[in-house]
Amino acid sequence: MPQSADKVLDHNKLFHEPEYKEMLKNKRAKYEAGAPAPQVTEILDWTKSWEYREKNLAREALVINPAKACQPLGAVFAAAGYEGTMSFVHGSQGCVAYYRSHLSRHFKEPASAVSSSMTEDAAVFGGLVNMVDGLANTYALYEPKMIAVSTTCMAEVIGDDLNSFIQQAKQKESVPADFDVPFAHTPAFVGSHVDGYDNMQKGILTHFWAEAERKEDDKINIIPGFDGFAVGNIRELNRILGEMGVDYTILSDVSDVYDTPSDGDFRMYAGGTRLDDVKAAVNAKATVSMQQYCTKRTLEFCEKKGQQIAAFHYPMGVVGTDEFLMKMSELSGKEIPDSLTLERGRLVDAMADSQAYLHGKTYAIYGDPDFVYAMARFVMETGGEPTHCLATNGGKEWAEKMKALLDSSPFGAGCQVWAGKDLWHLRSILATEPTDLLIGNSYGKYLERDLSIPLIRLTFPIFDRHHHHRFPTWGYQGGLNVLVKILDTVFDKLDTETGTLGETDISFDLTR
Ligand code: SF4
């Protein structure tokens, strides 16, 4: 066999060795009953036709490759942003392995979360025993400062009551009576990870604030929302608000836990919003959400507590950042400093420098509702034309908001908004109405391969490229990073298209 200890081949090389090729060919012939190659090609071509598109878009009872995850993933992400907090997901182990691996594959960091390991008996008799034992084990083994409980499908289908279970577990001394165990029901069969994020944030704030007497101070709470670029973005937020001199508390700061150093020490818990700060945050004059669709219920709760509220759609690019800074200035009474105005001018300058390559480029954009809104707005600022905007977890209200945004610019004319559609729908849409570029997450690589539309990875999850999440996409500096990523792809495409010797290379320019 070609594999040897002297020269270990990775699978991408190993499986192309003659022995493996032969073995895979025989396996296909003997066991897979594969259709003849011409028929495969014929069907493949048909799946790119208008006829197939119509059938595909009429699909009702099946979702294929949705651009969303289930609620508990969002809950685990939100809980990870609090000091010393262990996520405890009441349900089955496999689900929690999925959340951990999803987060680890994106951030390239360990992601801690435990489950109550419900199996068949718990599904029949209820998961109280699992909760009692699980909380005791989590408290003893992982020594957290807080345990944040959410649920998988299984616990929700049988109707386990978290509040009652946690009270009973405390009575049985699984954890001390005064130990912080906030919770959120996160039924995975409705909504998506953005709702799970919202529910867990609300659960944690309810735990600390429900009985608290509020004495208003001048601070402002900021909720970042579910964000694959949180490491870079929260640090950028700290820098911007620091320059403005705003007094603020970030509610769920994951920037350190998903970016720990390699120095010989494993940190199960790193950074996060201090629990004392969460308690004090009830007194803030306002709570600001960076992503409206991640915080609807949480903001309602904050408003009921007497705070002012404001929400943005992932502040990115020029107008998105302008709106955010102006609101922070209005709420805090602090001026926007010249240093930030200068950054704004530099971003506008960079966009103008590259206008010739950006103007008129068409884009398909997919992801979470706030991200797609922000991305479409920034693309239009660069003179680009969003042509298809898709959010599997976007609803009717999001679609209307998108249409209003697109109507506000000539570059948005003709854009189609696809709420509730999945990436198999998007394949049909792009096969029949292609765009120059595709913006989304790593799952878009299959669309890129099938349809030859270059993919720009700008949202969660990004599994097959490394470390982009360490650089911000928010603010003017973040806008510059996004701009460079778009331009690099535009230039790579242009070089490929003009690279054939003696044919197209009259435009294979050194200077672009
Ligand atoms: S959808 Fe349900 S079964 Fe699947 S990972 Fe989420 S909670 Fe688990």
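For ligands, and for the atoms within them, numbers begin at 1 and follow the listed sequence. For the single chain, residues carry numbers from 1 onward in sequence order. Small disclaimer: the values here were computed from a predicted structure and weren't measured.
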(request) Run the numbers for me: atoms of ligand 1, each under 4.0 Å from some heavy atom of Y98, listed by number. (result) 5 (S)
(request) Show the numbers, then the answer: is there a salt bridge (Lys or Arg N to Asp or Glu O under 4.0 Å) between R297 and D195? (result) CA-CA 9 Å; R297 299 170 193 90; D195 300 284; 3.5 Å; yes
(request) Using the ring pair (Phe, Tyr, Trp, His ring centres under 6.0 Å) rule, collect all pairs that involve residues 110-131, keeping only residues at least two apart or in two chains. (result) none
(message) Side chains of R235 and D259, heavy atoms from C-beta outward: is any pair under 4.5 Å?
(response) yes
(request) Could you name all protein N, O or S atoms found under 2.8 Å from atom 2 (Fe) of ligand 1? (result) C153 SG
(request) Answer yes or no: is there a side-chain heavy-atom contact under 4.5 Å between N481 and T473? (result) no
(message) So does N56 get a backbone contact from the side chain of H425, meaning a donor-acceptor N/O pair under 3.5 Å?
(response) yes
(message) Any protein heavy atom at under 4.0 Å, with atom 6 (Fe) of ligand 1 as the reference point?
(response) yes
(request) Keeping to residues at least two apart or across chains, list the side chain to side chain donor-acceptor pair (under 3.5 Å) pairs with something in residues 123-134. (result) none
(message) Suppose the criterion is side chain to side chain donor-acceptor pair (under 3.5 Å): which pairs have a residue in residues 65-78, not counting sequence neighbours?
(response) Q71-N199
